[in-house]
Amino acid sequence: MILEVTDLRKVFGSHVAVDGVSFGVGSGGSLAIVGESGSGKTTCARIVAGLERATAGTIRLGDLTDKSDRKSRARMVQMVFQDPYQSLDRRQTVASCLDEVLKFHGRDERPRRTKELLDLVGLDQRHAKALPKQLSGGQRQRVAIARALAPEPRLLILDEAVAALDVSIQAQVLNLLADARKATGVGYLFITHDLSVVRHVCDDVIVMHRGKIVEAGPVEKVLTSPEADYTRKLVGSIPRPGWVPTRA
Amino acid sequence: MSALLEFDRLRVEIPTPVGPRPLLRSVSLSVAAGEAVGLVGESGSGKSMTARSVLGMLPGGSVATGAVRFRGVDIGGLDPAGLRRLRSRDVAMVFQDPRASVNPVRTVGDFLTEVLRERGMSRAAAREKAGGILADIGVDRLAHRLKQRPYELSGGMLQRVVIAAALAGEPALILADEPTTALDVTTQEEVVAILDEQRRQRGTALLFISHDLELATAVCDRIAVMYAGEIVEILPAARLHEDARHPYTKALLKARPGSVPPGERLQTVPGVPQSAIDAPAGCVFADRCPVVEPLCRDTIPVLTAGVACHLEVS
């Protein structure tokens, strides 16, 4: 296992955001955390990334220990956020953005590696010289993914990484994520509110509701024969051919 | 039958330092009384601009040619009083983000009764009517709700209030611009179900704007697909999957997650969605079309029998 989370709990004031949650991601595996706003899915992701501290519970990430420094952590886990425009430096070109990360991690042959990363996410030399504002939303998200893959992390956390994209672009990025996992063996922790995108990127899924896991299992099984009432409701409310919206 | 709402070759241009540039190239569409039409497309395709043109809410400095007619009257020719009457009585609009469209310091009751009071209804009668509509759409604890302010309500509850306010004025047409995009998917189902049910009961026409083809299909009679400031295809919602002919409509249907079995690759369209400004001179989709021919690049296809494509109309 690259990631093992046990009995995770996070309390903000009197509000219990995450309430006794356990899950794991195998090396090169892909796990989706699905839930609606307020379910605690993003809090779980932020704790794994080291952006929040858990109230209780244990997180084992590869061979990291409490004494590991930030650089070792950065080589283990990276994160891609929903809005690439806010997560990229608007004055930095794409090539320089990737080069900076490679340099920080002491990599050799940085120009060759930059080109490899751009190839991996389907961008070319023209894009390398561009500033974020010269790129479309989908291209910016590709840059954010390339930057996250630059230190060759074992785990990539994708927090609603395709939610803001138009459907034709979303399809490109979902395919790219599937390809990148095959090519690099990185594991994914994919946070999303949209169950329908999960099937293209993930093997397993956990469904969260009000801080707790209500169902867990292989994506195919959970999507086609959901067992928990809440999962059934969630799967049933995805618009699809022949769907008739109903009031509860 | 004459249409309730008719877009007749609507073109909207905006002046730029290099001359006028189009926001909408040519939009022709009609909505019958009581009919629901879905306007679908990706960012920048001109869906919102099309809906806003119905209320005369185009960007400052823009120039519109062609016409938008409501009950046969050209909206461009209305005087300020006529435009006010149209906005307050005949047509209601529901926006994506209810927090941005509701006055945060007024109560829900004030918001719901504003239009009715404006028409001279007594305070008590207006509150009675507003309460009745809230009850119709399944809002409980009415007396309490009417006294609440927007920040006290969840996004889904507030959007219900916005829909109730739209219905309160008894408009002939509701323009709904991505009304559920900001909501959770289970809340989205409730809110579109309410909108669908109430509009059918009241015989209100609906122009439903969405980026989600399946969602629009579920609540509309017909679907109009927009790309780069033009409608490229119009077809009955129930026949969307079977009858889609335009290459862009087909591409959208195939790109949707869920269109292929798990683990298989989604079919994608090369390039990025374009706005009317970037679109090629001929067919708007020519730059990205998988079956493009030389004719497509310089000759604009006319929307005929529901589709604007050279290869489909010969």
Side-chain angles (χ1 to χ4, degrees), chain A residues 34-39 122 135-139 162-179 192-203 205 209 218-224 230-248, chain B residues 40-45 137-138 154-156 180-197 210-219 227 238 240-242 248 251-274 288:
Chain A
V34 174
E36 302 193 319
S37 17
S39 63
L135 301 174
S136 68
Q139 288 166 340
V162 298
L165 305 176
D166 274 317
V167 59
S168 70
I169 302 308
Q170 179 178 289
Q172 293 171 7
V173 174
L174 289 174
N175 283 343
L176 149 70
L177 287 171
D179 295 344
T192 180
H193 68 281
D194 187 351
L195 261 174
S196 60
V197 304
V198 162
R199 61 170 75 218
H200 293 288
V201 185
C202 301
D203 305 331
V205 57
H209 184 51
V219 168
E220 181 58 22
K221 183 173 170 293
V222 172
L223 280 180
T224 51
Y230 178 72
T231 317
R232 269 203 283 274
K233 190 174 166 204
L234 207 56
V235 172
S237 57
I238 303 171
R240 59 195 176 275
W243 178 71
V244 180
T246 50
R247 274 165 67 171
Chain B
V40 301
E42 298 179 278
S43 348
S45 60
I137 65 174
S154 67
T180 58
T181 306
L183 307 178
D184 276 326
V185 60
T186 52
T187 314
Q188 161 170 288
E189 178 173 10
E190 291 239 330
V191 170
V192 291
I194 288 165
L195 183 61
D196 186 47
E197 166 195 297
S210 180
H211 65 283
D212 187 336
L213 271 171
E214 306 293 355
L215 181 65
T217 303
V219 294
Y227 186 81
L240 175 72
H241 288 267
E242 294 81 4
Y248 179 61
L252 271 187
L253 288 170
K254 284 184 190 142
R256 200 176 182 285
S259 63
V260 297
E264 274 182 35
R265 293 181 74 76
L266 289 163
Q267 293 200 25
T268 60
V269 198
V272 298
Q274 293 157 305
R288 301 177 71 199

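Just so it is clear: chains get the letters A, B, ... in the order the sequence lines come, proteins before strands, and each one is counted from 1. Note: hydrogens, waters and symmetry copies are ignored here, and every other heavy atom, side chains too, is used.
- Heavy atoms of V219(B) lying under 4.5 Å from chain A belong exclusively to its side chain.
- Under the rule for a side-chain hydrogen bond (donor to acceptor under 3.5 Å, both in side chains), D212(B) has no partner lying at least two apart in sequence or in another chain.
- At a 4.5 Å heavy-atom cutoff, A251(B) makes no contact with chain A through either its backbone or its side chain.
- Of the possible polar contacts, none joining the Q170(A) side chain to the A163(A) backbone as a donor-acceptor pair under 3.5 Å is found.
- When heavy atoms are compared at a cutoff of 4.5 Å, Q188(B) approaches chain A solely by way of its side chain, counted from C-beta outward.
- Proximity to chain B is limited to the side chain of L174(A), based on heavy atoms less than 4.5 angstrom apart.
- Only the backbone of R240(A) comes within less than 4.5 Å of a heavy atom in chain B; its side chain stays farther off.
- Your options are A238(B), A216(B), G138(B), A255(B), and the one with the most heavy-atom pairs under 4.5 Å with chain A is A255(B).
- If you measure heavy-atom distances from T217(B) to chain A, you find no contacts under 4.5 Å at all.
- Interface remark: of the candidates I194(B), V192(B), L252(B), I194(B) forms the most heavy-atom pairs closer than 4.5 Å to chain A.
- Between the CG atom of D203(A) and the CD atom of E220(A) there is a distance of 11.5 Å, given to the nearest 0.5 Å.
- Of the listed residues (Q139(A), K233(A), H193(A)), the greatest number of heavy-atom pairs within a distance under 4.5 Å of chain B belongs to K233(A).
- Of the two parts of V244(A), only the backbone, made up of N, CA, C and O, holds a non-hydrogen atom closer than 4.5 Å to a non-hydrogen atom of chain B.
- Only the side chain of S136(A) comes within contact range of chain B, with heavy atoms under 4.5 Å apart.
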- So V235(A) and R232(A), side-chain contact (heavy atoms from CB on, under 4.5 Å) or not? Walk me through it. CA-CA 5 Å; V235(A) 172; R232(A) 269 203 283 274; 6.0 Å; no

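- At distances below 3.5 Å, at least one donor-acceptor pair connects side-chain atoms of E36(A) with backbone N or O atoms of T186(B).
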- Message: Evaluate W243(A) against L215(B) for side-chain contact (heavy atoms from CB on, under 4.5 Å), listing each step before the verdict.
- Response: CA-CA 8 Å; W243(A) 178 71; L215(B) 181 65; 3.7 Å; yes

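- Between chain A and the options L183(B), V185(B), D184(B), the largest number of non-hydrogen pairs under 4.5 Å is found for D184(B).
- Between the Q267(B) side chain and the L253(B) main chain, no donor and acceptor come within less than 3.5 Å of each other.
- Counting heavy-atom pairs closer than 4.5 Å to chain B, the top-ranked of the candidates S196(A), P241(A), G138(A), S37(A) is P241(A).
- Listed for the E42(B) side chain is no donor-acceptor partner under 3.5 Å among the backbone atoms of H211(B).
- For the side-chain hydrogen bond (donor to acceptor under 3.5 Å, both in side chains) test, residues two or more places apart in sequence or in another chain that qualify with R288(B) are S168(A), Y227(B).
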